[in-house]
> 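Quick one: the structure is below, questions incoming.
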Amino acid sequence: MFLVAFPFLHEWPFFRLFLGEYRTFNATMFAVWLLVLLGMNLLTGYSGQVSFGHAALVLASAYLTAVLSQQYGFPLWGAIGLSGAATAIVGWVTIGIPAVRLRGPYLAIATFGLMLAFPQILKLNVLTQWTQGALGIRGGVVEPPGFLGDVLDGREWMYYVAMSMAVVMTVLFLNLTRSRTGRAFVALRDSEVGAEQMGVDVPKYKALAFGVSSLYAGIGGGLFFAVQGFVSPDSLGLIDSIFFLVAIVIGGLGSVLGSIVGALFLTFQSEAISALAGFVPGANNLRNVFYGASLIAVIVLFPKGIAGFFQRPLWPKLRGWNLGRLWSSRS
Amino acid sequence: GEFPAPVEEAPVPGVTDDEVVLGTHTSLTGPVAVYSQIALAINAYFEYVNETKGGVNGRTIKFLIEDDGYSPPKTVDLVRKLVEEDRIFALVNGFGTPTHLQVVDYLQENGVPDLFVATGATEWVKDPEARPMVFGSIPNYVGEGIILGQHIAETYPGLKLGLMSQNDDFGADGMTGIRRGVGDALDIVGEETHEVLDVDLASQVDRLHAAGVDVIAIWATPQHFATAVKHARLNLNWDVPFVLSLVSANELTVLLAGPEVIEGTVSLGYLKSAFEIDDPDVAKHHKLVQDYMGGENGNTLTLYGQYIGELVEESLRRAGRDLTREGLIEAAESITDFWCSICLGPVNTSPTDHDPVQGGFLVRAEGGRWVRFGDLVTYEGVLPGDMMVEDLTR
Amino acid sequence: MDLFLQQLIGGIASGSMFAILALGIVLIYRSTGTLNFAQGQMAMFSMFVAWSAMSTGMGFWPAVLLTLLSALAMGALVEWLIVRRVEGTSDLNSLIVAMGLFLIFDGLALYIWGPLPKSFGPFSFFSGGASCVGGVCIGRLNLGILVVSIVTTVLLYLLFQCTRFGLALRATALNRLASRLVGIPVGRMLSTGWGLGTAVGAIAGILAAQSLGLDIRTMFFVVLFALAAAVLGGLDSPVGAVVGGLIIGVVKNLAGTYTPSSVGSIDLAVAFAVIVLVLMVRPNGIFGRPVRMRV
Amino acid sequence: MSLLTVEELSIQFGGILALDGVGFSVDEAEIVSIIGPNGAGKTTVFNCLTRVYDPMKGSIRFRGRDLLKMRPHQVVANGVARTFQNLELFSSMSVLDNLLVGQHSKIRYSALDAVFRLPRQMREEREARRRAEDTLELMELTEVRDMPVHALPYDAKKRVEIARALVSRPKLALLDEPAGGLTHEQVDSIARIVRGIRDELGVAVLLVEHRMGLVMDISDRVCVLDFGRKIADGTPTEVRRDPAVIQTYLGAPHVDA
Amino acid sequence: MLTLKDIHVSYGQAPALHGVSLEVPEGHIVTLLGANGSGKSTTIHAVAGLLPIQSGSIDFEGREIAGLSTEAIVRLGICATLEGRQLFGEMTVLENLRLGAYTQGEGKGFDEQLERVLTYFPALSERLELSSYLLSGGEQQMLAIGRALMARPRLLLMDEPSLGLAPLLAQEMFAGIMSLSKAEGISVLLAEQAADLAVGISGYGYVLEVGKVVLGDTARNLLDNEEVRSAYLGH
Ligand SMILES: Nc1ncnc2c1ncn2[C@@H]1O[C@H](COP(=O)(O)OP(=O)(O)OP(=O)(O)O)[C@@H](O)[C@H]1O
Ligand SMILES: Nc1ncnc2c1ncn2[C@@H]1O[C@H](COP(=O)(O)OP(=O)(O)OP(=O)(O)O)[C@@H](O)[C@H]1O
Ligand SMILES: [Mg+2]
Ligand SMILES: [Mg+2]
């Protein structure tokens, strides 16, 4: 209900006070980040593999969507779906399979190499015909189709598309993680040998986790292009990749709630830091100190992420409504 | 929406009877935090205008600075927030090409004036009809390249030229200009590019050295240029002349490379230099920086900030008391022969020319200062796409 | 041929820059188990400390000594005050803390020294022209960096492999509980590990200030290559850090030299492709000990 | 024909010959124990059977199939399940989920069935849960079914290990020191359980154990390893009297026995 | 030598020990008996300084050691082997043993002590350069005990030392502990499940039940106690 009414809330006298139109865009980006972070969490929180290269996957899919829709005349939604699928396959085959032998920091740095090298690849002369070089590709505003155009503007339409995509993908995510496949991911994280000896084809599932995770990154990337209306080789970089990881650790590994909190973090971080710096006048140069200190404070206070904090049976009285059971990786 | 919105009190966003709200995105933090100086100097200038002149046309200027840390997705968040939540009247001097590229069309589509972007990408100025909202601020890279290329052609005819550029639009535009400027006066025997995250440019310099280059044209940040020139001078004992983009012809480069090492490097200048303290306008600038920015002396970046401030002031003044966004755009594209206090040449704009300063003087590094020589060179009124050497006037 | 040799030497020169920062990363990883992303920014901080010391008129060597000592104290303090709060919770948590430290040191340096670069006069010790053989030259400074990183490596190797103290440092990183059980003062070891790692970082910083300039962003990108170097060599091997750094430097240079310009720049992509390929064969880096399964 | 036939199994680590031509067999519904001093190679035998290690030579045939041709995860699907000496449980998962992973190869629905909750998934999940519940009851674990495994006491973890192996209804269960660290009472209950496995489920058991009481009590046959070589083989009574076994392994007449 | 008076320990909110008092006389071996979860390991952790105690006192040779750090306690001569062995997995057997002697320095005494420990556990001497996680279960247990002995403790705390040891080796180990304790006057506090052997070599024994000492007596009396025998000794 709330989700459906959201874009209009700011027109209500009551909500006007604290919800600008801008919040619609915020909420849309939240949905995009949520998709990306669900994938990230599947990879890191569930199957225990750390990637610093996720932004490259998002970027790749954004580019693919851009090329398909702007140069080959694909309908935007088809382009997003196709890019998602293509990213999934790329992530599965070219990253997931080679990554099977790598662990921990070794995997992290190998994927981080991908992230550093990717913008250079996008700018290759031999590819500029498609990628348009450093200047990137423009999208433009997406207008709602047909009769919807009378009630919604482009921004509201994007909100519904992104949010419903996020909701659907979240449900599918929950289904997957509560199945044989999802259990295999968690099992191989907890004990690789144990999982293998229980019949889990560990290399296959490790690569599969990359594949599924890339699918989410891909859909997120396609939407990123649609929502932002632009993509360039520098649109997402290493810092974004690292902050995806920061977001899920702070949100909470191995749970949907963790990804949601993480997406909120990504959506509001710059604003929050801005506000924080505002408290101390003239402390612009200290922004990063505030930022770093708050990251540390959060992780010290919530070593299992913010979601982990809520998953503890904190309030035994609320057992019947135990968030933890609802969201955690254990079905 | 289903619910009738209450009648807007201020029909023009960011404009009230006694205030106009402007905003910018910049890097207060992150790898290029040094450029935060610009926005802070603009703000200082606006404060000065508010205090000494009561603002412009009876309205004081409020300037909102948002820090995107040079991350494009953050730029989008923050610029949308500025426009939709803080309701700024116009965006001024957005900083960074990758960051600003991510929002330029958004501002365009929403009719938000996007004044005097803080880079020389031709993207901002090459097609004012398609993007009427956006204006450049420094000579665009192609134009600058043509002027410097022309200088190379005249000074080193018949020799071998090497090109070094950052692997993005900044480098590519610059090299386009250099080629046009050089024409066939020199042979280009080496072309090297580097990435923003390259640590040093030694390998590129080595290659040009091996190719037997006599002069190098380089489009790089101060940090990168410093490593290149230091490597040539100190490690290769190679005193090849460098011709440098104006982006790096400043005090930062002097500090990073050391004055002896960059001696003789040639570039372009369109503003007075911070060391010209005998010039009353520069002296005034230093005072302004001390009074409104706190503490230290001005530098290239703050001078540039003041230039932007003056341009905005002029545009607002021309837009008159009845401020509208359309009015502001019209005003900003009708500036003729405006000399800002620290400019070396006039500012001219028109509906087909959103490139305010088109030209400048050649400068040479001498004893750690960039000293002007020769005449004012401009390419006034020509769009970067079509521009050729013939368009230059002295 | 000259070009090839020059590129090789140039690669070694820039690789030794990565290597020396990587050594600090390896030191901290090996003695505390944290992958310190903040290594670069902490080194940058030390570099400014050295500048401040010298700008008060202090001589070069006293300033270096002061910087090393303050780095030692700073690293130990950071561990004691901050890193210890998340120790033993999870690897990813210490990663977040390292990111936090990255931001904190970045911000502090900006706050204390402002955004403008500082000029750092040449050290008599490393300045002076290049030494050339035929057409192939190497700068005094680069030579100096290479020598310092090799000496540091040897010292670290001896420390870890041949001293009781080094053994205890490694033990602490491997198993805190067991270390306490054998009477190792775990807290002190962790602080010392961070302190030493930060001091090695300070050496890297002082050298980097010479070749790359003294600026808040000087180490911003060096650390990325240093991390890659540490991993390529094997995170627990000081020798690996140096070899890894040199490989990255050389591969990147050669790739840059021999790619046809019609393709565009591809040196970074090639360098990282090489890293990935090496890791495919040796998943724990070139000098890392292979981990075998045992149940 | 016997269920499992191992012949001439040899493996070397560095300089240590951990197994040196070991051979033995297990029949349907038989309980066979492997005993021997520490480091004799008992766990290594298990690791070869389940393909954690690659033996240098030898053959392992199980129900007519060559186990050495299989990849590790395929072994359990063919009916050989194991437990681990040092517990390899999925510690963050609940007891029930551990048992569901134990049935990984038994559940056949695809990821797509899962994502869209197709009937096949629902049905198989229901069956899997039922099997898990049955096994939990058998192993007296029903009360802790929803607890995360890391929060369980040691003896319960040991039982979860066994339950996780049994829930896939193997033909042969490999149990590595199931009674290690348990009290006498608990050892008795392990004995009861192992017998139950054999008698009620018809599962053959290959047992590695140092608690002689348990071994002598329930084994049909015992096989003794020392330094990777088989030194004795026979019924518990025979083995117990074997002087070589006494000298290298049992020591003085054992109080535990 | 070691006296525990009424110590209380809890994990978070959940109390694990409520009022444990016991005594280990100099040169004696004392066994703790009890079912799983009765608090044996917790007692050992508390003495080793790995867990804070809420109240009560731990007195070692007239000195209050509650609240001291584990390092300090080790330096006083109290060493522990824990359940789960706590080896330095990626390090070699020799490095583990060297670390065991950390508080002793690596002077002359080191080689001597090493030789002595290796005579107790000859299997280790052939595997000195092997990473310790590659050892078999029982070998790892030997290494854990050997490592504790390297510190030349005066009080040895052992949590389930016979876990995973072959019967002959378990007998030999207990015999070794006894002779060690006799020869060098080492006191030992042992926690055991399968305690027949342990009680066999002990002078005293205490029975724990849900965090409380319910019985403390000489080993002889415990062996004669029918209830204890059937509950903990398996007869
Ligand atoms: N991966 C390996 N690398 C090197 N040596 C190994 C490896 N696995 C086992 N070993 C060695 O092989 C020998 C046999 O080990 P195994 O684990 O089979 O013994 P075990 O009979 O199970 O002993 P325990 O009763 O103590 O568990 C041991 O000496 C061990 O050190
Ligand atoms: N880390 C812990 N967190 C919470 N409770 C714990 C923890 N460790 C032990 N306990 C609880 O403390 C009590 C005593 O446990 P302890 O491990 O001391 O028993 P024990 O007698 O050594 O048992 P075992 O024979 O299984 O080793 C038990 O109820 C146990 O559940
Ligand atoms: Mg074993
Ligand atoms: Mg215990």
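Residue numbers begin at 1 in each chain, while the letters A, B, ... track the order of the sequences. Keep in mind that the numbers below use all heavy atoms, side chains included, and drop hydrogens, waters and symmetry copies.
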> Highest number of heavy-atom pairs under 4.5 Å with chain A: which of B:Ala121, B:Pro73, B:Pro98?
B:Pro73
> What distance do A:Leu124 atom CG and B:Asn167 atom CG have between them, rounded to the nearest 0.5 Å?
8.5 Å
> Looking at A:Glu271, is its backbone amide N or carbonyl O close enough to the side chain of B:Lys81 to form a donor-acceptor pair, meaning the two atoms are under 3.5 Å apart?
no
> Using non-hydrogen atoms only, which part of B:Asp105 is less than 4.5 Å away from chain A: side chain, backbone, both, or neither?
side chain
> I'd like to check A:Arg155 versus B:Glu84 (side-chain heavy atoms, cut-off strictly below 4.5 Å). Are they in contact?
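Side chain of A:Arg155 against side chain of B:Glu84, heavy atoms only: contact under 4.5 Å found.
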> As an exercise: rank B:Asp169, B:Thr97, B:Val103 by heavy-atom pairs under 4.5 Å with chain A and give me the winner.
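Among B:Asp169, B:Thr97, B:Val103, the one with the most close pairs to chain A is B:Asp169.
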> Chain A heavy atoms under 4.5 Å from B:Leu101: which part of the residue, side chain, backbone, both or neither?
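Both backbone and side chain of B:Leu101 come within 4.5 Å of chain A.
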> Salt-bridged, B:Glu85 to A:Arg23, with N to O below 4.0 Å?
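Looking at B:Glu85 and A:Arg23, the cut-off is met.
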> CG of B:Asp68 to OG of A:Ser270: how many Å apart, nearest 0.5 Å?
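B:Asp68 atom CG to A:Ser270 atom OG measures 8.5 Å (nearest 0.5 Å).
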> At a 4.5 Å cut-off on heavy atoms, which part of A:Ile239 comes close to chain B: side chain, backbone, both, or neither?
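Neither part, no heavy atoms under 4.5 Å.
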> Rounded at 0.5 Å granularity, tell me how far OG1 in B:Thr75 sits from CD in A:Gln228.
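If I round to the nearest 0.5 Å, the distance is 9.0 Å.
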> Is it the backbone or the side chain of B:Gln108 that comes under 4.5 Å from a heavy atom of chain A, or both, or neither?
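Neither part, no heavy atoms under 4.5 Å.
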> Which residue out of B:Asp77, B:Asp168, B:Leu78 racks up the most heavy-atom pairs below 4.5 Å with chain A?
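The candidate making the most pairs under 4.5 Å is B:Asp77.
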> Distance alone, cut at 3.5 Å: any donor-acceptor contact between the side chains of A:Ser235 and B:Gln102?
yes
> Looking at CZ of A:Arg287 and OG1 of B:Thr29, how far apart are the two atoms once the value is rounded to the nearest 0.5 Å?
7.0 Å
> When rounded to the nearest 0.5 angstrom, what is the spacing between CG in B:Leu197 and CD in A:Gln120?
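So the gap between those two atoms works out to 8.5 Å.
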> Distance from A:Ile273 atom CD1 to B:Lys74 atom NZ, nearest 0.5 Å?
8.0 Å
> Might you work through the side-chain contact (heavy atoms from CB on, under 4.5 Å) test for B:Val76 and A:Phe25, ending with a clear yes or no?
CA-CA 10 Å; B:Val76 175; A:Phe25 174 74; 3.4 Å; yes
> Which bit of A:Val227 is near chain B, if near means a heavy-atom gap under 4.5 Å: side chain, backbone, both or neither?
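The backbone, not the side chain.
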> Is A:Tyr291 in contact with chain B via its backbone, its side chain, both, or neither, using a 4.5 Å heavy-atom distance?
side chain
